[in-house]
Amino acid sequence: MNTILIVDDDICIRELVSTVLQNEGFITFEASNGRDALRKMTDASPDLCVIDLMMPGMDGFDLCRKLRQYYEDIPILMLTALDDISHKSKGYELGTDDYLTKPFKSAELVMRIKALLRRYKISYPETLHIGRLAIDHSSHTIFVDGERTDDIAPKEYEVLYKLACSQGKIVSRNEFIKDIWGYDFEGNERTLDVHINRLRERYPTGQCGFKITAIRGIGYRLETTI
């Protein structure tokens, strides 16, 4: 899976971009400013950086300059609220690969990131593997040992895919509700638990090579066992 570093001083933008990209199968790291981003470059080893232009201290231009000094071959997508040709021209001169103007559509963000990865010949996964399962997100199809399964309900698929994108990490109940059912969800709060239990019945731990663990009071985590 490809790793994306998201740099923005606005936590809402960081969380939005992170959620959109995680839902597409990417691993994300976040930084609140340019200096924080440079510190995280070594640990994250990202395949691409999404950088806000207007940040206090080290802005997007300065960060881009630093990244090109030490990481010549990393794709950079700049986010900006300023649709000004002079700013874009300066960014391209410093090494930015593409611009996206705020507010932006999630689908366009994903398309531009995938295009940059292709341009740099960095592959990105359409299929996730967990245990004996392969999840083909392009067709929303699940395979067990290469055999296609057709009986999973849409919401069960979305819950499993979200867990698979974050395997090894805790996904909070709020994240599930926000990303799968939406902020205006008015159903029973146990709906998520029902879907988790159905997934556990469908893919038993001892048979499918992964387990879904409840983290009391927080959410769930998927871990592979083979």
How many angstroms lie between atom [atom1] of [X] and atom [atom2] of [Y], to the nearest 0.5 angstrom?
{"X": "I135", "Y": "I142", "atom1": "CD1", "atom2": "CD1", "value": "5.0 Å"}
{"X": "D145", "Y": "L133", "atom1": "CG", "atom2": "CG", "value": "8.5 Å"}
{"X": "H129", "Y": "F210", "atom1": "NE2", "atom2": "CZ", "value": "13.5 Å"}
{"X": "L53", "Y": "L63", "atom1": "CG", "atom2": "CG", "value": "10.5 Å"}
{"X": "L48", "Y": "T3", "atom1": "CG", "atom2": "OG1", "value": "10.5 Å"}
{"X": "I177", "Y": "T191", "atom1": "CD1", "atom2": "OG1", "value": "6.5 Å"}

### Query
Under the criterion side-chain contact (heavy atoms from CB on, under 4.5 Å), which of T101, D97, T96 is the partner of Y99?
T96

### Task
Quickly, which of N23, V17, L16 forms a side-chain contact (heavy atoms from CB on, under 4.5 Å) with T19? Name it, please.
N23

Tell me, yes or no, whether the heavy-atom count around [X] atom [atom1], taken from other residues, nucleotides or ligands under 6.0 Å, exceeds 12.
{"X": "M54", "atom1": "CE", "result": "no"}
{"X": "K211", "atom1": "NZ", "result": "no"}
{"X": "R202", "atom1": "CZ", "result": "yes"}
{"X": "E72", "atom1": "CD", "result": "no"}

Are side-chain heavy atoms of [X] and [Y] found at a separation under 4.5 Å?
{"X": "V171", "Y": "F176", "result": "yes"}
{"X": "S32", "Y": "D9", "result": "no"}
{"X": "I4", "Y": "P46", "result": "no"}
{"X": "C49", "Y": "L77", "result": "no"}
{"X": "L38", "Y": "L67", "result": "yes"}
{"X": "F104", "Y": "L79", "result": "yes"}
{"X": "L199", "Y": "Y220", "result": "no"}
{"X": "E30", "Y": "I13", "result": "no"}

### Message
Looking only at the side chains, is there a donor atom on one of H195 and Y157 sitting less than 3.5 Å from an acceptor on the other?
### Response
no

With a 4.5 Å cut-off on side-chain heavy-atom distances among I, L, V, M, F, W and Y, is there a chain of contacts connecting [X] to [Y]?
{"X": "M111", "Y": "L116", "answer": "no"}
{"X": "Y92", "Y": "I74", "answer": "yes"}
{"X": "Y70", "Y": "F29", "answer": "yes"}
{"X": "L160", "Y": "F143", "answer": "no"}

### Task
Test E223 against T213 for side-chain contact (heavy atoms from CB on, under 4.5 Å), laying out the working first.
CA-CA 8 Å; E223 297 173 295; T213 304; 3.8 Å; yes

Over all atoms of both residues, closest heavy-atom pair of [X] and [Y]:
{"X": "P75", "Y": "D47", "result": "CD-O, 2.9 Å"}
{"X": "G60", "Y": "I51", "result": "CA-CG2, 3.8 Å"}
{"X": "Q22", "Y": "S166", "result": "OE1-OG, 3.8 Å"}
{"X": "A164", "Y": "I130", "result": "CB-CG2, 4.0 Å"}
{"X": "R200", "Y": "I212", "result": "NH2-O, 2.8 Å"}
{"X": "K155", "Y": "I180", "result": "NZ-O, 3.1 Å"}

### Task
Give a yes or no on whether the backbone of Y71 and the side-chain of R68 come within a donor-acceptor separation of less than 3.5 Å.
yes

### Query
For the side chain of Y161 and the backbone of G25, is there at least one donor-acceptor N/O pair under 3.5 Å apart?
yes

### Task
Could you go through the side-chain contact (heavy atoms from CB on, under 4.5 Å) check for T224 and Q167 one step at a time?
CA-CA 8 Å; T224 56; Q167 56 185 292; 3.5 Å; yes

### Query
Passes side-chain contact (heavy atoms from CB on, under 4.5 Å), L5 versus M41? Steps please.
CA-CA 8 Å; L5 178 62; M41 284 296 295; 3.6 Å; yes

Check [Y] with [X], please: is the shortest side-chain N to carboxylate O separation under 4.0 Å?
{"X": "D36", "Y": "K40", "value": "yes"}
{"X": "E158", "Y": "K162", "value": "no"}
{"X": "D8", "Y": "K102", "value": "yes"}
{"X": "E175", "Y": "R173", "value": "no"}
{"X": "D52", "Y": "R14", "value": "no"}

### Message
side-chain contact (heavy atoms from CB on, under 4.5 Å) for M78 and L100? Distances and angles first, verdict last.
### Response
CA-CA 6 Å; M78 192 83 78; L100 187 58; over 6 Å; no

